[in-house]
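Encoded as structure tokens, the structure appears first; notes follow it.
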Amino acid sequence: MTQLLPATPENIALAAQVIQNGGLVAFPTETVYGLGANALDVNALSGIFTAKGRPTADPLIVHLSGAEHTPLIARSVPETAHRLMQAFWPGPLTLILPRQPAVPDLVTSGLETVAVRVPNHPVALALLQAAGLPLAAPSANRFGHTSPTTAQHVWHDLHGRIDLILDGGAATIGVESTVLDVSTAPARILRPG
Ligand code: AMP
Ligand code: MG
């Protein structure tokens with residue numbers, strides 16, 4: 001059973017509990033709707049791949065409530081990355097950094113690097129703060145389908161496969177984040193956003 005609820009403070013608190021219990025919650029970001037799970041819980045992470053039908057060779061982006069939590073996920077943060085975070089976070093820029101060993105292989109698909117960003121959306125930030133956890137969150141669609149920009153779009157694609165959808169209105173940008181690899185110098189754009 002999938003619940004579709006407006007993103008009120010009460011429902012965001014409920015969604016945070018679902019995340020803490022290992023569940024899957026779709027939520028709005030400024031780019032597209034994400035399908036979030038506790039990035040440190042292997043069972044929750046495998047639920048993402050099952051719900052989406054996504055191959056585990058495709059790594060996930062870890063979403064944080066603020067840049068200060070980056071050391072939980074990334075082993076080191078180069079000076080360039082610090083400056084980019086200050087300039088572009090919260091916002092649609094994903095940075096590839098050396099991973100912390102505690103980050104599960106399902107997040108990185110076994111790579112030595114991890115993708116991290118702070119989304120610029122009040123509902124996404126409120127959920128991240130209430131859960132108190134990093135959220136691995138790919139786009140909230142079945143693998144190969146278009147990334148969703150509304151809660152109804154998520155419902156259409158994933159109802160019956162995830163626990164909860166928070167409806168926070170349409171995602172404004174509608175295009176995925178830019179992915180920039182800053183784990184090596186010079187930095188490289190892996191995905192234009
Ligand atoms: P999605 O979550 O569907 O927006 O896709 C996330 C994308 O981020 C992946 O398909 C990769 O292109 C990229 N990505 C995530 N983690 C890494 C990583 N460690 N190294 C390089 N690219 C990554
Ligand atoms: Mg996607």
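Just follow the structure's listing: the first ligand is 1, and inside any ligand the first atom is 1. Counting from 1, the numbers follow the sequence of the chain as shown.
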For this session: Take atom CZ of Arg188 as the centre, draw a 6.0 Å sphere, and report whether it contains more than 12 heavy atoms from other residues, nucleotides or ligands.
Result: no
Exercise. Ligand 1 versus Thr113, non-hydrogen atoms closer than 4.0 Å: side chain, backbone, both, neither?
Worked result: both
Problem set entry | Ligand-residue contact atoms, ligand 1 with Pro59, heavy atoms, under 4.0 Å | 6 (C), 9 (C), 14 (N), 15 (C), 16 (N), 17 (C), 23 (C)
Problem set entry | Nearest non-hydrogen protein atom, atom 10 (O) of ligand 1 | Asp58 OD1, 2.7 Å
For this session: Start with the C-alpha distance between Asp105 and Arg99, add both sets of side-chain angles, then the distance that settles salt bridge (Lys or Arg N to Asp or Glu O under 4.0 Å), and finish with yes or no.
Result: CA-CA 10 Å; Asp105 279 340; Arg99 75 189 279 192; 3.0 Å; yes
Exercise. How far apart are the C-alpha atoms of Arg161 and Thr50, what are their side-chain angles, what is the distance that settles it, and do they pass the side chain to side chain donor-acceptor pair (under 3.5 Å) test?
Worked result: CA-CA 8 Å; Arg161 308 177 71 89; Thr50 308; over 6 Å; no
Seminar exercise, completed: Here the atoms of ligand 1 under 4.0 Å from any heavy atom belonging to Leu190 are 21 (C), 22 (N)
For this session: Identify, by atom number and element, the atoms of ligand 1 in contact range of Pro138, meaning under 4.0 Å from any of its heavy atoms.
Result: 2 (O)
For this session: Working to the nearest 0.5 Å, report the span between CG of Leu128 and NE2 of His69.
Result: 9.0 Å
Exercise. Which atoms from ligand 1 have a heavy atom of Arg54 less than 4.0 Å away?
Worked result: 1 (P), 2 (O), 3 (O), 5 (O), 6 (C)
Seminar exercise, completed: Between the NE2 atom in His145 and the NE2 atom in His156, the distance rounded to the nearest 0.5 Å is 9.0 Å
Exercise. Is there a donor-acceptor pair closer than 3.5 Å between any side-chain N or O of His159 and the backbone N or O of Asp157?
Worked result: no
Problem set entry | Derivation and outcome, salt bridge (Lys or Arg N to Asp or Glu O under 4.0 Å), residues Glu176 and Arg117 | CA-CA 12 Å; Glu176 284 90 345; Arg117 89 173 182 106; over 6 Å; no
For this session: Check the surroundings of atom CZ in Phe49: do more than 12 heavy atoms from other residues, nucleotides or ligands lie under 6.0 Å from it?
Result: yes
Exercise. Considering only protein heavy atoms, which is closest to atom 23 (C) of ligand 1, and at what distance to one decimal place?
Worked result: Ile96 CD1, 3.6 Å
For this session: Go through ligand 1 atom by atom and flag the ones less than 4.0 Å from a non-hydrogen atom of Leu111.
Result: 18 (C), 19 (N), 20 (N)
Problem set entry | Shortest protein contact, atom 4 (O) of ligand 1 (heavy atom only) | Arg191 NH1, 3.0 Å
Exercise. Can an N, O or S atom be found in Ser147 less than 2.8 Å away from the Mg ion (ligand 2)?
Worked result: no
Exercise. Is there a protein heavy atom at a distance of less than 4.0 Å from atom 12 (O) of ligand 1?
Worked result: no
